[in-house]
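All of these numbers come straight from a predicted model, not from anything done at the bench. Numbers restart at 1 for each chain; the letters A, B, ... are given by sequence-line order, proteins then strands.
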Amino acid sequence: MKLVYFAWVRERIGLAEEEVTPPDSVTTVHELLDWLKTRGEEYAEALKYPEAIRVAINQEHVRQNEPIAGAREIGLFPPMTGG
Amino acid sequence: MKLVYFAWVRERIGLAEEEVTPPDSVTTVHELLDWLKTRGEEYAEALKYPEAIRVAINQEHVRQNEPIAGAREIGLFPPMTGG
Amino acid sequence: MPCRIAVRIQSEPFDTAAEIADIGRGDSDVGAVVTFSGLCRDEAGTLAALEIEHYPGMAEAEITRIAEDAAERWPVSALSVIHRHGRIGIGEPIVLVVAASRHRQAAFSAAEYLMDFLKSRAPFWKKEHRVDGSAGSWVDAKEADEQAISRWE
Amino acid sequence: MPCRIAVRIQSEPFDTAAEIADIGRGDSDVGAVVTFSGLCRDEAGTLAALEIEHYPGMAEAEITRIAEDAAERWPVSALSVIHRHGRIGIGEPIVLVVAASRHRQAAFSAAEYLMDFLKSRAPFWKKEHRVDGSAGSWVDAKEADEQAISRWE
């Protein structure tokens, strides 16, 4: 699946997007965040406060307990400041 | 004092404004309306439903129980439909 | 900072964009501008235009009083109101309210308050011009407009 | 009549007057047009500009969803939203919401609803550019914006 990062999540991870294949044990957004944190210093730093991370699956907002099955694209970003 | 009329009050009375000198017994707006109704058919028709008449003294809204002492200009008109 | 209040009664059309640009000018602290445009509307397809009569002097004074009340209730930095009189064709603007503030809710509330009071307190009256040339009638005041005021009390 | 919804995300400035004119065009039943313009604001005098990042695709989709919700709640005939991205100078418009309706309260409510949800649901992020050239920080989301949503529930 494709992960896309925005704002300070993107800056801290150092990537705008990437393809990942999490292990089968990763079934929810929350588990995905935990798994990502194991992928390196910059991920651990970017995702240190998971409650500050907003998530979209296939470009729709979801909560962190949402299953990720069927997700083509998951967006991770800080609280939005539009308008 | 000067009376000014607007919209259908003006049309029914047939005047946009006039100078009047009501008798001393006329002390409130309500009494002024009653007195005006005695001045002719067109006044009686225009002021037939006093609850439909809005009043301004010196260009400020007042209720019909307001005293008219000190009034330089009294406006009589239907409910407003601005905006 | 006191609120800048501008009230104009005129027969000419106005330039909404210029009014919006004016109200933010030279004030880098304005984050929100809300406008309300009231257009001449033809409900039944029988209307050619509206003729708007007003009480000169009182119209300006009353709208200014309403704007001052709004400026006391919400932290707005500028309020502008333009109200036209005379003949207004279908689709043309009749009234424009512009409210500027640091905060969007203040700008929204001030504009809405102004329009609510303007509708039933500002001395303007509308008469219809019919498409078929027959004499139109005076537009009746709406009970809903009178009631709209009570929610601000 | 269904509500016409138009959503545009662009880096270019927009012409507010043209947007207002467009929304009323060919619809003689529109009596009320409410606009909200959100301008780039400099609170402390230290800001040179804002850089606005967005999630392409999702930004349009999410604003469209918010507009559709608004159109279900109030009888609006048209809703337009333009949101800019990229570098925006102080005083420049960032976002424009235009709501058209027969009734002013519907237009006001729809515009206010749209802005409230847009603030904390549309995927945009603001980064500061400082006057002194130093690296600015990402603008924090405001608790007040999150709370503004709850009044519509």
Side-chain angles (χ1 to χ4, degrees), chain A residues 1-20 28-30 32-33 36-37 41-83, chain D residues 7 9 36-41 50-66 69 81-85 88 93-97 111-128 135-149:
Chain A
M1 67 182 60
K2 183 177 165 187
L3 299 184
V4 291
Y5 309 124
F6 296 97
W8 53 252
V9 175
R10 171 181 58 69
E11 286 184 342
R12 289 177 194 172
I13 291 179
L15 284 173
E17 57 177 80
E18 62 180 321
E19 284 289 332
V20 299
T28 67
V29 168
H30 189 82
L32 177 69
L33 295 179
L36 282 170
K37 281 196 269 189
E41 194 84 355
E42 58 277 29
Y43 291 90
E45 180 62 24
L47 307 174
K48 188 164 49 176
Y49 303 107
E51 67 279 10
I53 304 295
R54 300 290 174 269
V55 184
I57 293 184
N58 302 340
Q59 306 195 348
E60 290 200 46
H61 292 296
V62 297
R63 292 174 187 279
Q64 293 188 11
N65 59 7
E66 187 79 8
I68 59 170
R72 297 178 307 278
E73 179 176 299
I74 298 184
L76 302 178
F77 39 81
M80 290 145 281
T81 54
Chain D
V7 175
I9 314 294
F36 176 88
S37 305
L39 310 179
C40 181
R41 184 162 71 88
L50 286 174
E51 185 78 31
I52 300 186
E53 180 169 335
H54 76 298
Y55 188 161
M58 181 173 171
E60 291 86 342
E62 185 65 21
I63 295 176
T64 301
R65 283 190 284 267
I66 297 168
D69 289 346
V81 182
I82 305 177
H83 200 303
R84 290 174 68 196
H85 61 85
I88 317 266
I94 296 172
V95 63
L96 175 69
V97 166
E112 208 167 351
Y113 177 95
L114 255 168
M115 276 310 304
D116 277 358
F117 279 85
L118 197 149
K119 278 266 171 186
S120 52
R121 292 291 182 269
F124 292 85
W125 302 272
K126 296 192 182 105
K127 190 172 193 174
E128 299 175 344
S137 52
W138 291 93
V139 173
D140 275 332
K142 291 194 189 70
E143 183 58 29
D145 285 331
E146 190 59 41
Q147 283 168 358
I149 285 184

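E60(D) contributes a side-chain N or O that, together with a main-chain N or O of G57(D), makes up a donor-acceptor pair within less than 3.5 Å.
Contacts between R10(A) and chain D at a heavy-atom distance below 4.5 Å involve the side chain alone, from C-beta outward. Heavy atoms closer than 4.5 Å to chain A are found nowhere in P93(D), neither backbone nor side chain. Residue contact with chain A, scored on non-hydrogen atoms closer than 4.5 Å, involves the side chain of K127(D) exclusively. With a threshold of 4.5 angstrom between heavy atoms, H54(D) approaches chain A through N, CA, C or O but not through any side-chain atom. Using a 4.5 Å cut-off between heavy atoms, I52(D) does not touch chain A at all.
In this structure, H30(A) places its NE2 atom where only 12 or fewer heavy-atom neighbours from other residues, nucleotides or ligands lie under 6.0 Å away.
Salt bridge annotation for R63(A)-E66(A): absent, with no cationic side-chain nitrogen under 4.0 angstrom from a carboxylate oxygen.
Ranked by heavy-atom pairs under 4.5 Å with chain A, the list M115(D), E51(D), H83(D) is led by H83(D). Here R121(D) is the residue among R84(D), E146(D), R121(D) with the most heavy-atom pairs under 4.5 Å with chain A.
For E11(A) and Y5(A), the side-chain atoms include no donor-acceptor pair closer than 3.5 Å.
Pairing each heavy atom of R12(A) with each of E42(A), the nearest pair is O-CB, 3.2 Å.
Exactly one residue among W138(D), F124(D), W125(D) makes a ring pair (Phe, Tyr, Trp, His ring centres under 6.0 Å) with F77(A). That residue is W125(D).
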